[in-house]
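None of the values given here were measured: they were computed from a predicted structure.
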Amino acid sequence: MPEGPAVTAKTGADGALAALRRRLHPDPAVRRLAGITLINTVGNGLSLAVAVLFFTRVLGLSAAQLGLGLTAAGLCGVVASVPAGRAADRWGARRVLVALVSVQAIGTAGYALVHSYPAFVALACLVSAVDRGSAAVRNALYAQVLPADRRVAGRAYLRVVTNVGLCGGTALGAVALQLDTRPVYLTAILADAASFTVVAVLFHRLADLRQPSAGEPVEDGVVSLPTPSSEGADQGSRRNPALRDGPFLAVTVLNAVLCLQFAVLEVGVPLWIVQETDAPRITVAGTLIVNTLLVIALQMRATRGTEERAGATRACGRAGLLLAASCLVIALAHGLPAVLAAVVVIGGVALQSLGEVVGQAGGWALSYDLAGERDHGAYQGVFNAGTAAAMMAGPALVSTLVIGYGMTGWMVLGGLLAAAGLGMRPAVRWAGRRGR
């Protein structure tokens, strides 16, 4: 007898579930972290989609007020990363992370109660500080939860989940933008706050266990995470070792320069498309879609070969060259016919995306490798501070070069990115001579 609709539907559902299982990470620790990441990033995507209109239309801020407030908040984020990392070493990454994410939930919900500009600036600074601090502590937690030989691959998987979550959240945000009412915007912001609350609870319930790596001592088949102790208190009270590690600081600065790529995609390319090319404005959305899809498809593959320090260094060098090439290709769109200009820009963004996934994998690997197996909070705090600084300064720097100097600006920017990527090799050699 032919299969009925119910049988066909059941078969389709089973096939979908089987496909989903194949996409899940084999490490249970990574799966749990992925679930937490998905909830967090859906909320973030929703909030990011409506934030500007919420601040300007609901809170009544001018564009200048918003820009100044967010700049101050970005500076607070840079400053907060280092002490947050040290706190993770002293009191435990999970405990500090739960506290920071809880404050982030309260702070995000607090936007609904803001009625003055000073209150907005103070709250934005608080939210940015705990956001960047929690990012540093999460990276330290990954170092504890994931075995050394699988950290970079695990982080790559989580970055893929991050992009998926941001896409989902942005889609929800698009619905809110279409409805365009004060209650809808407030609901979106409060939903983001609720997601932080859920994430804090899930981190609190995260088991202090992980899968062992090769050669590690085990008890009952698992390895316990380190718990805060007198040694942790001693580490927290002495000087920050990452700030006295010259090679690590050099790698941090070079990685921060490579992170200017995000400002290129989010600020430089849209401005270039709208002001300096004949490409249709919808090309801006196309570049973001291309970037997101390529990151989702390629980030896991990009980690191959970065487990060793030499491979991670080569990855950073290749990333710098790819990013430089993308700058030159994007610059060539000036003066071309509309359709051709759009194709050239999207091609440049595809190169940028390749450089992004390779550079991120190399940077993660070096940030863990050069830190060794101690003081991960301190090292990740400093490394994250460099990234936060690039995120803060990047938009102004990129827009000045791209719009102010045109083709020459793109060439300078490309040269800077290439130099940063290739500069990783001597910096890592320096670390080798220091015996790290």
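- Counting heavy atoms from C-beta outward, C167 and T292 have side chains that approach closer than 4.5 Å.
- Taking every heavy atom of both residues into account, G377 and A88 meet most closely at CA-CB, 4.4 Å.
- Nearest approach of G110 to L123, heavy atoms of both residues: C-CD2, 3.4 Å.
- Here L68 contributes atom CG and Y117 contributes atom OH; the two are 4.0 Å apart, rounded to the nearest 0.5 Å.
- The backbone N or O of F248 sits less than 3.5 Å from a side-chain atom of D245, completing a donor-acceptor pair.
- Heavy-atom minimum distance, L190 versus A112: CD2-CB, 4.4 Å.
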Verdict with supporting geometry, V42 and V164, side chain to side chain contact (heavy atoms under 4.5 Å, CB included): CA-CA 8 Å; V42 167; V164 172; over 6 Å; no
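- Remark: side-chain polar atoms of T306 are paired, donor with acceptor, to backbone N or O of T303 under 3.5 angstrom.
- Applying the side chain to side chain donor-acceptor pair (under 3.5 Å) rule to T252 yields no partners; only residues at least two apart in sequence or on another chain are considered.
- Looking at V295 and V160, their side chains never come closer than 4.5 Å, going by heavy atoms from C-beta outward.
- Residues L370 and Y379 have side chains not in contact (no heavy-atom distance under 4.5 Å, counting atoms from C-beta outward).
- Between the side chain of Q65 and the main chain of S62, a donor-acceptor pair closer than 3.5 Å is present.
- Pairing each heavy atom of V145 with each of A29, the nearest pair is CG1-CB, 3.5 Å.
- Evaluation of the side-chain hydrogen bond (donor to acceptor under 3.5 Å, both in side chains) test over residues 99-115, restricted to residues two or more places apart or in two chains, returns Q104-D131.
- F120 has its ring centre less than 6.0 Å from the ring centre of F55.
- Atom OG1 of T41 sits about 8.5 Å away from atom CG of N163, to the nearest 0.5 Å.
- Rounding to the nearest 0.5 Å places CE of M392 at 5.0 Å from CG of L75.
- Here CD1 of I106 is found 8.0 Å from OG1 of T197. Values are rounded to the nearest 0.5 Å.
- Here R138 contributes atom CZ and N40 contributes atom CG; the two are 6.0 Å apart, rounded to the nearest 0.5 Å.
- Under the 4.5 Å side-chain criterion, counting only non-hydrogen atoms from C-beta, F54 is in contact with L59.
- Of all heavy-atom pairs spanning A242 and V382, the tightest one is CB-CG2, 3.6 Å.
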Donor-acceptor contacts, no H, no angles, side chain residues 313-320, under 3.5 Å, sequence neighbours left out:
{"from": "T313", "atom 1": "OG1", "to": "R309", "atom 2": "O", "distance (Å)": "2.8"}

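- You'll find the side chain of I189 reaches within 4.5 Å of the side chain of S47, heavy atoms only.
- Under the side-chain contact (heavy atoms from CB on, under 4.5 Å) rule, V199 has a single partner from T37, L38, I39, which is I39.
- In this structure, Y368 and H376 have perpendicular ring planes: the angle between them is above 60°, well past the 30° mark.
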Run the side chain to side chain contact (heavy atoms under 4.5 Å, CB included) check on F196 and V127 step by step: do they pass? CA-CA 12 Å; F196 286 123; V127 171; over 6 Å; no
Do any side-chain atoms of residues 355-362 form donor-acceptor pairs under 3.5 angstrom with protein atoms, and if so which ones, sequence neighbours left out?
{"from": "E356", "atom 1": "OE1", "to": "N291", "atom 2": "ND2", "distance (Å)": "2.9"}
{"from": "E356", "atom 1": "OE2", "to": "R159", "atom 2": "NH1", "distance (Å)": "3.4"}
{"from": "E356", "atom 1": "OE2", "to": "R159", "atom 2": "NH2", "distance (Å)": "2.3"}

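- Looking at R151 and Y142, their side chains never come closer than 4.5 Å, going by heavy atoms from C-beta outward.
- L417 is listed as a side-chain neighbour of C327, based on a closest heavy-atom distance under 4.5 Å.
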Could you please spell out the steps behind the side chain to side chain contact (heavy atoms under 4.5 Å, CB included) verdict for L322 and S326? CA-CA 6 Å; L322 284 167; S326 74; over 6 Å; no
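- The backbone N or O of A124 sits nowhere less than 3.5 Å from a side-chain atom of S128 that would complete a donor-acceptor pair.
- Taken from CG in L416 to CG in L323, the straight-line distance is 10.5 Å, to the nearest 0.5 Å.
- The minimum heavy-atom distance linking P395 with S399 is given by the pair O-OG, 2.8 Å.
- For the pairing with I273, the side-chain contact (heavy atoms from CB on, under 4.5 Å) check across I282, I330, V284 returns one residue only, V284.
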Can you list, pair by pair, the side-chain donor-acceptor contacts under 3.5 Å of residues 169-180, counting residues two or more places apart and other chains?
{"from": "T170", "atom 1": "OG1", "to": "L166", "atom 2": "O", "distance (Å)": "2.7"}
{"from": "D180", "atom 1": "OD1", "to": "R57", "atom 2": "NH1", "distance (Å)": "2.9"}
{"from": "D180", "atom 1": "OD1", "to": "Y185", "atom 2": "OH", "distance (Å)": "2.6"}
{"from": "D180", "atom 1": "OD2", "to": "R57", "atom 2": "NH1", "distance (Å)": "3.0"}
{"from": "D180", "atom 1": "OD2", "to": "R57", "atom 2": "NH2", "distance (Å)": "3.3"}

Trace of the side chain to side chain contact (heavy atoms under 4.5 Å, CB included) decision for Y157 with Q299: CA-CA 7 Å; Y157 185 85; Q299 187 63 80; over 6 Å; no
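- Note on residues 380-390: pairs passing side-chain hydrogen bond (donor to acceptor under 3.5 Å, both in side chains), not counting sequence neighbours, are S81-N384, R132-N384, S367-Q380.
- The side-chain heavy atoms of R90 and R86, taken from C-beta on, include no pair separated by under 4.5 Å.
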